[in-house]
Amino acid sequence: MGGLTRNTPWDDQAPGGWLRKHLFSIKTLSLIVLSVQTSTMVLLLRYSRTAPTSNQTPYIITTAVLLSEILKLGLSLGFLHIETGKVLRVTLHRLYRDVLLNVWETLKLAVPACLYVVQNNLLFIALSNLDAATYQVTYQLKILTTAIFSWVILGKHLSPIHWLSLCFLMLGVSLVQVDTGSSSTSPNKILPEVEVVEGGDPMILGGSEDGAGFPPPDIHNEAHPNTEVSWLLGIFAVFISCISSGFSGVYFERLVKRGKQPSLIIRNIQLGMFSIIFAIIAVSSDGAAIREGGFFQGYTLTTWGVVLIQAFGGLMVSVTMKYADNILKGFATSLSIVMSTLVSWLVLGDAAPSTQFVFGASIVIASTVLYGLTPQASKGINQGNQQPRTDSPHKVLRGTKSPSEIV
Ligand code: C5P
């Protein structure tokens with residue numbers, strides 16, 4: 001059998017084997033897709049909130065959130081059905097056995113579901129009280145809280161080079177975002193938007209071209225009457241969100257890497273059930289508006305696109321948590337900030353990035369590469385599912401790894 005794998009492109013020894021193995025691993029692909037997804041989401045959401053339409057009523061965010069949660073759960077159920085060989089009886093049995101009977105394991109997901117909802121609401125408060133750049137820069141703190149929780153909860157020991165790359169990442173992102181924020185008067189510039197979509201990275205950019213809506217005033221200018229109190233409230237909200245983001249992410253990572261139920265599909269179903277409950281509670285707070293204008297008021301094709309990409313993004317986040325890790329996820333989303341700014345320049349015709357942006361972006365990219373290429377100092381977490389070798393299609397076909405283990 002050795003002869004079967006020795007000369008495959010997946011083999012390290014084969015020409016181009018290393019490249020293929022690393023480039024096409026689920027880990028790398030999920031990080032790339034997450035970066036692209038976050039950038040697309042940023043641009044589409046911005047467009048969905050700012051594009052002039054004949055329909056003047058904006059859609060209600062909580063309804064879009066609920067729909068994306070329902071879609072996520074629906075997709076997860078669909079994946080489970082495919083995994084069980086499309087036999088309805090088997091699918092229902094898996095749900096009964098792994099979700100209903102396994103109450104304790106299911107209940108564990110109420111924790112991140114609840115925290116994600118609280119986090120998204122806190123970030124809403126943050127964006128109401130902080131200017132764009134401050135919000136984004138401070139929210140990058142979540143990369144550090146994630147690293148700390150990975151160390152505490154997963155026992156993941158980072159080498160000094162890892163910590164150094166994390167610090168450089170924060171520096172790079174800060175340079176990029178301060179630059180983006182400082183030039184936020186540009187009409188086409190992507191500005192942070194208040195709308196926080198639960199189930200996705202709430203650091204959603206967007207902006208109102210006429211200056212309406214969120215672009216919160218600069219914290220240092222007098223537009224904000226009670227600047228100091230607002231600023232403190234905003235910073236406090238971001239700070240708590242960073243802790244919540246780091247904890248929830250690592251908590252979920254632990255469940256899918258070390259928990260009794262490692263199936264990502266089942267975990268997403270469990271999380272989705274609770275998220276829908278919390279999303280319904282959020283929708284009920286918009287009850288009056290919904291009764292007046294209907295659930296789907298203000299919906300356009302773009303809104304549906306946002307719902308779709310948002311749901312897909314949530315699933316991608318979970319895949320990166322399982323096959324990569326939360327820290328790498330932080331790097332991927334940081335890269336997406338660079339990407340979305342570049343796309344808004346190249347595609348939307350925004351002003352060309354400044355030298356500071358280029359400098360910051362280079363630091364982000366260099367720190368990402370440095371972190372990614374530095375081997376783990378100690379493997380505190382179960383790295384088995386990163387399966388650099390076992391994701392060889394030959395091995396899967398030979399049955400050393402069942403397809404269900406891959407998802
Ligand atoms: O900002 P942060 O990285 O913490 O955001 C992660 C987002 O990913 C959360 O809003 C959460 O709802 C979403 N998520 C998901 N499915 C998972 C894990 C996280 O939709 N399994």
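Read the numbers this way: they start at 1 and go in the same order the structure lists the ligands and their atoms. Just so we're clear, the structure is a prediction, and the values are computed from it rather than from any experiment.
- A donor-acceptor pair is defined here as one N or O able to donate and one able to accept, closer than 3.5 Å; no such pair exists between the side chain of Ser284 and the backbone of Gly287.
- Using modelled atom types, no side-chain atom of Thr38 and backbone atom of Ser336 make a donor-acceptor pair closer than 3.5 Å.
- Every residue two or more places apart in sequence or in another chain was checked for a side chain to side chain donor-acceptor pair (under 3.5 Å) with Ser248, and none qualifies.
- Evaluated by nearest non-hydrogen atom to atom 4 (O) of ligand 1, the leading choice among Ser245, Gly313, Gly249, Ala332 is Ser245.
- Residues Arg94 and Glu83 are paired through a salt bridge, judged by an N-O separation under 4.0 Å between the basic side chain and the carboxylate.
- Distances below 4.0 Å separate heavy atoms of Lys72 from the following atoms of ligand 1: 15 (C), 20 (O).
- Ligand 1 places these atoms under 4.0 Å from at least one heavy atom of Ser318: 17 (C), 21 (N).
- With a 4.5 Å cut-off on side-chain heavy atoms, Ser68 and Phe312 do not count as touching.
- Neither the backbone nor the side chain of Arg267 comes within 4.0 Å of ligand 1, counting heavy atoms alone.
- Within the 4.0 Å heavy-atom cutoff, Lys142 counts among the residues contacting ligand 1.
- Considering backbone and side-chain N/O of Tyr116, none are found under 3.5 Å from N/O of ligand 1.
- Proximity of Leu315 to ligand 1, defined as any heavy-atom pair under 4.0 Å, is not found for any part of the residue.
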ring-ring contact (aromatic ring centres under 6.0 Å, His included) evaluation trace for Phe296 with Trp304: CA-CA 10 Å; Phe296 294 106; Trp304 287 106; 5.7 Å; yes
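- The contact set between ligand 1 and Phe252, taken as ligand atoms under 4.0 Å from a residue heavy atom, comprises 21 (N).
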